2 protein chains.
Amino acid sequence: MKVTIDDVARRAGVSKTTVSRILNGNYGQTTEETRNRILDVIKEMDYSPNIVAKSLKSMRTNVIGIVLSNLKNPYWMTVLEGVEDTCRDLGYNLMICNSDEQPEMEMQYIKEFQMRQVDGIVINPTVRNMELYAKLASDNYPFVVINRKVPGLSAHHVVVDNVKGAELAVNHLVRAGRKKVAVFVYRNPHVSTWAERVEGYRSAMLENGFAPGDLLICEVEQGTGATTEAVIRFLRQQPDVEAIFSTNNMMTLDIIKGIKELRLRIPDDIAIIGYDETVWAQHLDPPLTTVMQPAYEMGRISAKMLIKRINAKRQQKPETVVLEPQLIVRASCGAAGRV
Amino acid sequence: MKVTIDDVARRAGVSKTTVSRILNGNYGQTTEETRNRILDVIKEMDYSPNIVAKSLKSMRTNVIGIVLSNLKNPYWMTVLEGVEDTCRDLGYNLMICNSDEQPEMEMQYIKEFQMRQVDGIVINPTVRNMELYAKLASDNYPFVVINRKVPGLSAHHVVVDNVKGAELAVNHLVRAGRKKVAVFVYRNPHVSTWAERVEGYRSAMLENGFAPGDLLICEVEQGTGATTEAVIRFLRQQPDVEAIFSTNNMMTLDIIKGIKELRLRIPDDIAIIGYDETVWAQHLDPPLTTVMQPAYEMGRISAKMLIKRINAKRQQKPETVVLEPQLIVRASCGAAGRV
DNA sequence: TTGAAAGCGCTAACAG
DNA sequence: CTGTTAGCGCTTTCAA
């Protein structure tokens, strides 16, 4: 049925070793004549090698896996694009899965990837499989953690400076003259990103001369509707809030919805800065100021780092790359012109 | 180094055949006692099977591939989610790649997937590798075409009714009292979706009593900025246009941008309906009426169909599933209340 | 109820 | 310059 390297060898009247050599570019030692003959036969028989067999023999698949935790946020699409582009450039193929923020799923997928002998894994961790991450590290298995920091884990990380991102946002709001600045954040004790953004909010506020008592931190459940209701409730209780710093792009949309339902004007009555640049941010009314995270870069760098690690002769020290967020100023923060 | 089935067998004092049987659930014929012993050893040695070896032997990988053509549009994220969920449910893993709308990339990726022995492929085709698609079909290779129709190709398809989608939009606009209705579309002769949406526009307009001369079809190059400029130019030439039907979600954002630059009010001066429901549509100002395509469903159905095809004993006739679009009415079309 | 042996398609050490 | 040979880790017939 399917044509194998044996078929080619037989037809070309050589051994499969020779064919294999041609296939893999080791024809420094082969006659031009036999090479051409083999190439002809390959074309003629429409032969293509079985990479599964090759992988079994060579003990490497040239596949990496990526474990995402959320396929609903376009942010991840951009990360994925960076990873995919890098795989293409470096001759790897990509397996993808989605833990959906569930630790059990995450564990299962990681084990599956390993059984499939992927050469390494990029992972946005749920941060609830600490023993597993530690085991990967101590087994010296190639993997790179992205987006979220796993505390105490000695492994490659590619993250964005969330404290800095929050500070950019809060400083900008304060300098634009806003006194009462609130932060909205999803409730999730495991995830470093959100804690860090709140921390950045806190430090920037204090830095700007506010007292701890001035901090307005609103935690909401992740899930549809909850945020909009929370904003409405919050702003009714604290009608003098002048600015909101939103720590998530989806959350931002819900917050704006709540603000509009209250018939408040942005930015006149209340300013808002969102986290994560999106395709739609500039098209909102008013255009939304955002903290842009270099998502594509994160994808590229993590994949590159992983593949470098895979091909490293001797093991390296875990490296942490911290990417810089950037404030994209538009009208929603009320200071578009006067930064 | 790595523990294999042989190691387990040796340690448990049985043959690897027996271990293999346990692993694969064929222990109808095995003593409870030996089974437990083997299970213990497996746990003790932390053994996990090498799926590459298993795949080589069993001639199937339990992996499917998906070839996307664009990783920038969130629409595909939703499709991907459907595919991924289905893979999880059905015990498959997923490989992903992005042709980036380039036929050569598409061809290379498909061949790579085949060399990797993926059991089947879901593909959003560039529609410019006709010979390749035909060959896959005649080789009886399992694959499912999604989103775009490949003319003359006898293969499984999962598509959305684009003519219908356009008709929904245009009918709605006309019934809301708009006379001069224009359609905007990307220039790409290969892709059926866009041609069909224009066709739906045409048929709906004629159906509603307009003459062929009343049709206003504006083709624009796909690429940043081009659309916004095109809209501005177009509306300056035809200031009496009362409605625009946009055939793509990204395009819609650019069109709205152009309209706003001209200081026209939506929907008072000009109504707009966009294609594809998005997370941001309801948050635009005014909220955007869209033609919703069941993207998640497309992902689920195509993956299910593919896997069914993979496991079919005897070959089936190519099946085409046509999904129904749905109009989501919001304020931008100027008839939110009075449908 | 269990095991021996063959072999999936490929690579590479070694020999000629 | 080319071929022989021995596996990679697993499944599966066939025999015991």
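Quick caveat, the model's predicted, so the values are computed rather than measured. Throughout, protein chains are lettered first and strands after them, A, B, ... in sequence-line order, and every chain is numbered starting at 1.
Taking atom CD on B:Q114 and atom C1' on C:dG9, their separation rounds to 17 Å, with Å as the unit. Between the CZ atom of A:R60 and the P atom of D:dC8 there is a distance of 19 Å, given to the nearest Å. Rounded to whole Å, the distance from CG on A:N62 to C1' on C:dT11 is 14 Å. Counting to the nearest Å, the C1' atom of C:dC8 and the CD1 atom of B:I51 are 17 Å from each other. One interatomic measurement links the two molecules: CG of A:D6 to C1' of C:dC8, which rounds to 11 Å at whole-angstrom precision. Taking atom NZ of residue A:K57 and atom P of nucleotide C:dC10, one finds them 13 Å apart after rounding to whole Å. Rounded to a whole Å, the CZ atom of B:R10 is 19 Å from the P atom of C:dT2. Separating the CD atom of B:Q117 from the P atom of C:dC8 is a distance of 14 Å, rounded to the nearest angstrom.
In this structure, A:S55 reaches neither bases nor backbone, as no heavy-atom distance under 4.0 Å exists between it and the strands shown. Using a 4.0 Å heavy-atom distance criterion, B:V14 is classed as a sugar-phosphate-only contact.
Salt-bridge formation is not detected for the pair A:D40/A:R35: no Lys NZ or Arg NE/NH1/NH2 atom is positioned less than 4.0 Å from an Asp or Glu carboxylate oxygen. Salt-bridge formation is detected for the pair A:D85/A:R88: a Lys NZ or Arg NE/NH1/NH2 atom is positioned less than 4.0 Å from an Asp or Glu carboxylate oxygen. Salt-bridge check for B:D89 with B:R300: passed, with a basic side-chain N closer than 4.0 Å to an acidic carboxylate O.
Taking the side chain of B:R21 as heavy atoms from C-beta on, and the options C:dG3, D:dT2, D:dG9, the nearest nucleotide is C:dG3. Of the candidates C:dT11, D:dT11, C:dG9, D:dT11 carries the atom nearest the B:K16 side chain, counting heavy atoms from C-beta on. Of the candidate nucleotides D:dC10, D:dG3, C:dT11, D:dG3 has the atom lying nearest to any side-chain atom of A:T17. With distances taken from any side-chain atom of B:S15 to the nucleotides C:dA4, C:dC14, D:dC8, the minimum falls on C:dA4. Taking only side-chain atoms of B:K54, from C-beta outward, the nucleotide of D:dG9, D:dT11, D:dG3 with the closest atom is D:dT11.
Residue A:T31 places none of its side-chain N or O atoms closer than 4.0 Å to OP1 or OP2 of D:dC1. Under 4.0 angstrom from either OP1 or OP2 of C:dC8 there lies no side-chain N or O belonging to A:T4.
Side chain of B:N73 to backbone of B:L71: no donor-acceptor contact under 3.5 angstrom is found.
Residue B:A53 is the one, among B:A53 and A:S58, whose nearest nucleotide of DNA chain C lies closer to the 5' end (criterion: closest heavy atom). Both A:N50 and B:T18 lie near DNA chain C, and the one whose nearest nucleotide falls closer to the 5' end is B:T18.
Checked against B:D119 for a side chain to side chain contact (heavy atoms under 4.5 Å, CB included), the options B:R309, B:M59, B:R60 give a single hit: B:R60.
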